[in-house]
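Structure record follows, encoded as structure tokens.
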Amino acid sequence: MSVAEQHAATGGGEEPAVVESGPDSAHRRPDGLNDVTVEALGKLSEALETVERVRGHLYSAHQLIGQADFALDDAVSLFMQAGHAETAERIERELIGRNVIPGHWTFQIVEEFDDGYYAEFRGIERDARERLAGGRRHLYEAELKERRRTHGRPGHEARPGRIEESAD
């Protein structure tokens, strides 16, 4: 909707809202923050996103190992029904409830990861953002979006819920 159309839609009595272009204030770099620092914060954020994926994979492994362990109960039962007690007993004795690494079930691996490496990584990333960029997130990506989007084109708005005046 053009500014004139917005004005007409309000009955002509109200001024249309001014539509700002570009990222919102939460995604604009603070004064004095240089390009290299924005890029470095972007790389740190990208690395954290990779670690977030690793964390998800650990939770997937945790759930999958649990499912496998419970499926072993069914296998034991079926081996017993089929007359293969030795195989069933070996599964019960050696696999069901076994640590996946010495001293650890998967929940312990997840907890140690969360409380150790993951917590430290998140803390360092957050501290860097707060100290260098006033806590603002995704500055690199916000600037990348501004460079790559087609200004004034539907579907290329700078912000959610904003309609910019067409460039045509």
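This structure is a prediction, so every number in the text was calculated from the model and none was measured. Heads up: numbering here begins at 1 and tracks the sequence.
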**Message:** Treating Arg159 as the side-chain partner and Gly22 as the backbone partner, does any N or O pair qualify as donor plus acceptor under 3.5 Å?
**Reply:**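 Checked: pair present.
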**Asked** Quick one: does Glu157's side chain have a donor or acceptor within less than 3.5 Å of a partner on Gly155's backbone?
**Response**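 At least one qualifying donor-acceptor pair exists.
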According to side chain to side chain contact (heavy atoms under 4.5 Å, CB included), who are the partners of [X], at least two apart in sequence or on a separate chain?
X      : result
Ala26  : Asp24
Asp115 : none
Glu125 : Leu44, Ser45, Leu48, Arg129
Tyr117 : Val51, Phe113, Phe121

For [X], side-chain hydrogen bond (donor to acceptor under 3.5 Å, both in side chains) partners two or more places apart:
X      : answer
Tyr59  : Asp114
Glu112 : His104
Glu130 : none

**Message:** Filter on salt bridge (Lys or Arg N to Asp or Glu O under 4.0 Å), then keep only pairs touching residues 79-91, sequence neighbours left out; what's left?
**Reply:**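 Every salt bridge (Lys or Arg N to Asp or Glu O under 4.0 Å) pair that includes a residue of residues 79-91, provided the two are not neighbours, is Arg90-Glu94.
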**Asked** Can you list every pair that meets salt bridge (Lys or Arg N to Asp or Glu O under 4.0 Å) and has a residue in residues 134-148, with sequence neighbours left out?
**Response**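 Every salt bridge (Lys or Arg N to Asp or Glu O under 4.0 Å) pair that includes a residue of residues 134-148, provided the two are not neighbours, is Arg29-Glu143, Glu146-Arg149.
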In Å and rounded to the nearest 0.5 Å, what is the [atom1] to [atom2] distance from [X] to [Y]?
X      : Y      : atom1 : atom2 : value
Arg53  : His57  : CZ    : NE2   : 5.0 Å
Arg122 : Asp127 : CZ    : CG    : 11.5 Å
Glu52  : Thr50  : CD    : OG1   : 10.0 Å

**Asked** When Ile, Leu, Val, Met, Phe, Trp and Tyr are grouped by side-chain heavy atoms lying under 4.5 Å apart, directly or through other members, which residues fall in the same group as Trp105?
**Response**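 Via sub-4.5 Å side-chain contacts, Trp105 links to Phe107.
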**Item:** Residues clustering with Val36 (ILVMFWY side chains joined when closer than 4.5 Å, directly or via others)
**Value:**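 Grouped by the 4.5 Å side-chain rule, Val36 forms a cluster of one, so the answer is none.
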**Prompt:** Closest approach of Ile101 and Asn99, non-hydrogen atoms and distance?
**Reply:**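 The pair with the smallest heavy-atom distance is O-CB, 3.2 Å.
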**Request:** Decide whether Ile96 and Val100 are clustered together by the hydrophobic rule: side chain heavy atoms of Ile, Leu, Val, Met, Phe, Trp, Tyr closer than 4.5 Å, transitively.
**Result:**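 Not linked; separate clusters.
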**Request:** For residues Tyr140 and Leu41, determine if any side-chain heavy atom of one lies less than 4.5 Å from a side-chain heavy atom of the other.
**Result:**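 No - every pair of side-chain heavy atoms lies 4.5 Å or more apart.
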**Asked** Going by heavy atoms in the side chains, are Leu139 and Pro23 under 4.5 Å from each other?
**Response**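 They are not in contact (no side-chain heavy atoms under 4.5 Å apart), so the answer is no.
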Kindly list each side-chain donor-acceptor pair under 3.5 angstrom involving residues 60-74, sequence neighbours excluded, with atom names and distances?
{"residue": "Ser60", "atom": "OG", "partner": "Gly56", "partner atom": "O", "Å": "3.2"}
{"residue": "His62", "atom": "ND1", "partner": "Thr106", "partner atom": "OG1", "Å": "2.7"}
{"residue": "Asp69", "atom": "OD1", "partner": "Gly97", "partner atom": "N", "Å": "3.0"}

